[in-house]
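Report on the following structure.
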Amino acid sequence: MSDKARKLFEALDLDENGELTREEVIVALRRKGPVLAASGDLPFWGLGDADASSALFDAADQNGDAVLTLEEFAAVVDRRFGWH
């Protein structure tokens with residue numbers, strides 16, 4: 001798992017409970033996405049609307065429990081963003 005994936009996960013974990021919900025991913029990317037992209041912590045092309053954020057969540061939710069662990073999240077974003 002890359003350091004970038006870990007940092008992005010922590011930035012999106014709004015309630016800091018170590019898991020991401022679909023709503024957290026959508027809200028956090030809308031609120032923080034441009035700043036994360038400007039600082040190099042998220043590719044600019046990785047910014048998207050609520051549907052794109054929801055699709056990212058679905059791709060990462062490997063066990064279908066409606067929450068993402070750091071490991072599930074990192075597996076998808078490292079591959080999708082070319083970080084690992």
Side-chain angles (χ1 to χ4, degrees):
M1 154 185 343
S2 71
D3 288 338
K4 285 187 173 196
R6 182 181 306 275
K7 187 173 183 180
L8 181 57
F9 181 91
E10 291 170 357
L12 300 181
D13 187 10
L14 298 176
D15 62 6
E16 299 178 352
N17 70 346
E19 297 179 330
L20 298 176
T21 64
R22 181 183 309 276
E23 184 177 345
E24 266 182 313
V25 171
I26 292 169
V27 169
L29 283 174
R30 187 174 62 234
R31 287 184 191 163
K32 297 180 174 186
V35 172
L36 291 167
S39 66
D41 294 323
L42 175 71
F44 278 105
W45 59 264
L47 294 172
D49 60 11
D51 289 340
S53 298
S54 188
L56 174 68
F57 184 91
D58 288 338
D61 188 16
Q62 297 170 1
N63 62 4
D65 66 354
V67 293
L68 300 182
T69 63
L70 173 58
E71 291 76 18
E72 286 175 311
F73 181 79
V76 170
V77 297
D78 278 341
R79 184 177 63 249
R80 186 171 285 186
F81 298 156
W83 290 342
H84 208 261

Please report, to 0.1 Å, the donor-acceptor pairs under 3.5 Å made by any side chain of residues 40-53, with sequence neighbours excluded.
{"from": "Asp41", "atom 1": "OD2", "to": "Lys7", "atom 2": "NZ", "distance (Å)": "3.4"}
{"from": "Asp41", "atom 1": "OD2", "to": "Ser39", "atom 2": "OG", "distance (Å)": "3.0"}
{"from": "Asp49", "atom 1": "OD1", "to": "Asp51", "atom 2": "N", "distance (Å)": "3.2"}
{"from": "Asp49", "atom 1": "OD1", "to": "Ala52", "atom 2": "N", "distance (Å)": "2.9"}
{"from": "Ser53", "atom 1": "OG", "to": "Asp49", "atom 2": "O", "distance (Å)": "3.3"}

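How far CZ of Phe57 is from CG of Leu12: 11.5 Å, rounded to the nearest 0.5 Å. One finds the NZ atom of Lys4 at 11.5 Å from the CG atom of Leu36 (value rounded to the nearest 0.5 Å). With rounding to the nearest 0.5 Å, the separation of CD in Glu72 from CG in Leu70 is 10.0 Å. Rounded to the nearest 0.5 Å, atoms OG1 (Thr69) and CD (Glu71) are 4.5 Å apart.
Here the closest heavy-atom approach between residue Lys32 and residue Ala11 is recorded as NZ-O, 2.7 Å. Of all heavy-atom pairs spanning Asp78 and Ala5, the tightest one is OD1-CB, 3.3 Å. Contact detail for Ala66 and Asp61: the closest heavy-atom pair is N-OD2, 2.9 Å. Smallest separation of non-hydrogen atoms from Ala75 and Gln62: CB-NE2, 3.8 Å.
Ile26 and Phe9 are not part of a single hydrophobic cluster, where members link through side-chain heavy atoms under 4.5 Å apart. The cluster map of Ile, Leu, Val, Met, Phe, Trp and Tyr, joined by side-chain heavy atoms under 4.5 Å apart, puts Val27 and Leu29 in different clusters. Hydrophobic clustering places Met1 together with Leu20 (ILVMFWY residues linked when any side-chain heavy atoms are closer than 4.5 Å, directly or through intermediates).
Contact check for Leu8 versus Trp83: side-chain heavy atoms found under the 4.5 Å cut-off. Between Leu68 and Glu24 there is no side-chain heavy-atom pair separated by less than 4.5 Å.
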